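This one's a predicted model, so the numbers in the text were calculated from it and none came from an experiment.
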Protein chains: 2
Amino acid sequence: MTSTQELTKNQSLVFNALARADGPLSAYTILDQLRGDGFRAPLQVYRALDKLLDYGMIHRLESINAFVACSHPHSHNHSHGMIAFAICEKCGQVSEFSDDVITGRVREWTNSNGFKQSKTTIEIRGLCATCGAA
Amino acid sequence: MTSTQELTKNQSLVFNALARADGPLSAYTILDQLRGDGFRAPLQVYRALDKLLDYGMIHRLESINAFVACSHPHSHNHSHGMIAFAICEKCGQVSEFSDDVITGRVREWTNSNGFKQSKTTIEIRGLCATCGAA
DNA sequence: TTTCGATATGTGATGTTATTACATTAGTCA
DNA sequence: TGACTAATGTAATAACATCACATATCGAAA
Ligand SMILES: [Zn+2]
Ligand SMILES: [Zn+2]
Ligand SMILES: [Zn+2]
Ligand SMILES: [Zn+2]
């Protein structure tokens, strides 16, 4: 499979739920939203999420146990660096960005410590500009 | 309270469990270790963990739902920057470090985006030097 | 076209992590 | 003492995730 996927029925349903949401969703929230489409069990959601993560179409936010559609439309890969997420704890808005300096510093640390990195999580929690101004 | 704490009985028990462990522990693993000391319920552990987190004596590893004693002995605060963790997925070893450049870049992003940061998670998962060599 | 293997799906049960709600106990300080 | 706060005990429940097993779908090889 290439980076542009032919999604299965369940994968499409889960991806569309995330794509139309205005923020991250938990697996169980997705399940509830898709009950009308025949979803009955958590595993139907988790299996689709796993594939979508593989394909790079969504991200998992470790610090809030939730999932979000990738905000880089039509380019479902981040080959050039680690991704950071800024998560608003009030409205749920998630901003995704990549910073080469951060990526480089992490690589320097892992290289000089012999650590073989497989996945890196960078999540900033706080208040977005809108919510912080209120 | 200052940064050097007089811990309560439960807080001491939980902290000591983490301090003597060779890696991160889940709340329920701590609970099981402390049953002999009279612990019966998860809340006894979670309440102690919350306080120890407040005091900066332990850290929560969001990506593995586990807790680890701070590896900076006798200086339970990290006032000068964000902390990153390198977590070995084979042996569980956790290395804690702080990088001013990373901290600075995150601050630059939040400042220029009006984002009011409250807590930042940086977790690198992979294989430590020992496990990666095997 | 039949057979086979790989992938996807359906479903119930179970495992793991964390919180709510309420009662009780222990220290602190007018 | 009485009033207040912090800490603790306990049961129940909520929230998140996986296991085990059965069934279905699809494409390639024979
Ligand atoms: Zn993305
Ligand atoms: Zn917001
Ligand atoms: Zn620390
Ligand atoms: Zn290791």
Side-chain angles (χ1 to χ4, degrees), chain A residues 1-2 4-18 21 23-55 57-68 87 89 92 119 121 123 125, chain B residues 1-2 4-18 21 23-55 57-68 87 89 92 119 121 123 125:
Chain A
M1 266 187 171
T2 69
T4 306
Q5 300 306 322
E6 275 306 318
L7 298 181
T8 66
K9 177 164 161 282
N10 285 3
Q11 288 160 17
S12 294
L13 286 165
V14 169
F15 179 73
N16 289 337
L18 285 171
L25 301 178
S26 78
Y28 278 74
T29 301
I30 296 170
L31 173 58
D32 286 340
Q33 290 190 6
L34 296 181
R35 290 205 188 271
D37 296 290
F39 273 47
R40 315 286 313 258
L43 204 48
Q44 296 175 290
V45 177
Y46 282 108
R47 285 200 277 227
L49 289 170
D50 284 346
K51 287 295 185 186
L52 295 168
L53 287 167
D54 278 352
Y55 303 155
M57 298 175 68
I58 66 171
H59 301 289
R60 175 186 172 83
L61 302 176
E62 310 275 6
S63 65
I64 59 172
N65 296 322
F67 302 84
V68 69
I87 307 166
E89 295 183 303
K119 178 160 196 289
T121 296
E123 296 178 14
R125 294 191 296 302
Chain B
M1 268 187 167
T2 68
T4 308
Q5 299 307 323
E6 275 307 318
L7 298 180
T8 67
K9 177 165 161 281
N10 286 3
Q11 287 161 18
S12 294
L13 287 164
V14 169
F15 180 73
N16 289 337
L18 285 171
L25 301 178
S26 77
Y28 279 76
T29 300
I30 296 170
L31 173 59
D32 286 340
Q33 290 190 6
L34 296 181
R35 289 205 188 272
D37 297 290
F39 272 47
R40 315 287 311 265
L43 203 50
Q44 295 174 289
V45 177
Y46 282 109
R47 285 200 277 227
L49 289 170
D50 283 346
K51 287 295 186 183
L52 295 168
L53 287 168
D54 277 352
Y55 303 156
M57 298 174 68
I58 66 171
H59 301 290
R60 174 185 172 82
L61 302 176
E62 311 275 7
S63 65
I64 58 172
N65 295 321
F67 303 84
V68 69
I87 307 166
E89 295 182 305
K119 179 160 195 288
T121 297
E123 296 178 16
R125 293 194 293 304

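- Look at CG on A/Leu31: it is 12 Å from P on C/dG10, rounded to the nearest Å.
- Spacing between atom CG of A/Asp54 and atom C1' of C/dT7 amounts to 13 Å, rounded to whole angstrom units.
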| message | One pair to check against side-chain contact (heavy atoms from CB on, under 4.5 Å): A/Val14 and A/Gln44. What are the steps and the verdict? | response | CA-CA 9 Å; A/Val14 169; A/Gln44 296 175 290; over 6 Å; no
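- Atom CG in B/Leu49 sits roughly 14 Å away from atom P in D/dA7 (whole-Å rounding).
- In this model, the phosphate group of C/dT7 is not approached by any side-chain N or O of A/Lys51 to a distance below 4.0 Å at OP1 or OP2.
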| query | What string of B, S and - do you get for nucleotides 8-19 of chain D, 5' to 3', if B is base contact, S is sugar-phosphate-only contact and - is no contact with any protein heavy atom under 4.0 Å? | reply | BBB-----BBBB
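- A straight line from CG of B/Asp32 to P of C/dT16 spans 10 Å, rounded to a whole angstrom.
- With salt bridges taken as basic N to acidic carboxylate O contacts below 4.0 Å, one links B/Lys119 and B/Glu62.
- Atom-to-atom, CG of B/Leu25 to P of C/dT16 comes out at 15 Å; the value is rounded to the nearest Å.
- A donor-acceptor pair shorter than 3.5 Å cannot be found between the side chains of A/Glu123 and B/Thr121.
- A/Ser12 places a side-chain N or O within donor-acceptor distance of the main-chain N or O of A/Thr8, the cut-off being under 3.5 Å.
- Contact detail for A/Pro24 and A/Ile64: the closest heavy-atom pair is CG-CD1, 3.8 Å.
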| query | For A/Arg47 and A/Asp50, what are the C-alpha separation, side-chain angles and deciding distance, and is it a salt bridge (Lys or Arg N to Asp or Glu O under 4.0 Å)? | reply | CA-CA 5 Å; A/Arg47 285 200 277 227; A/Asp50 284 346; over 6 Å; no
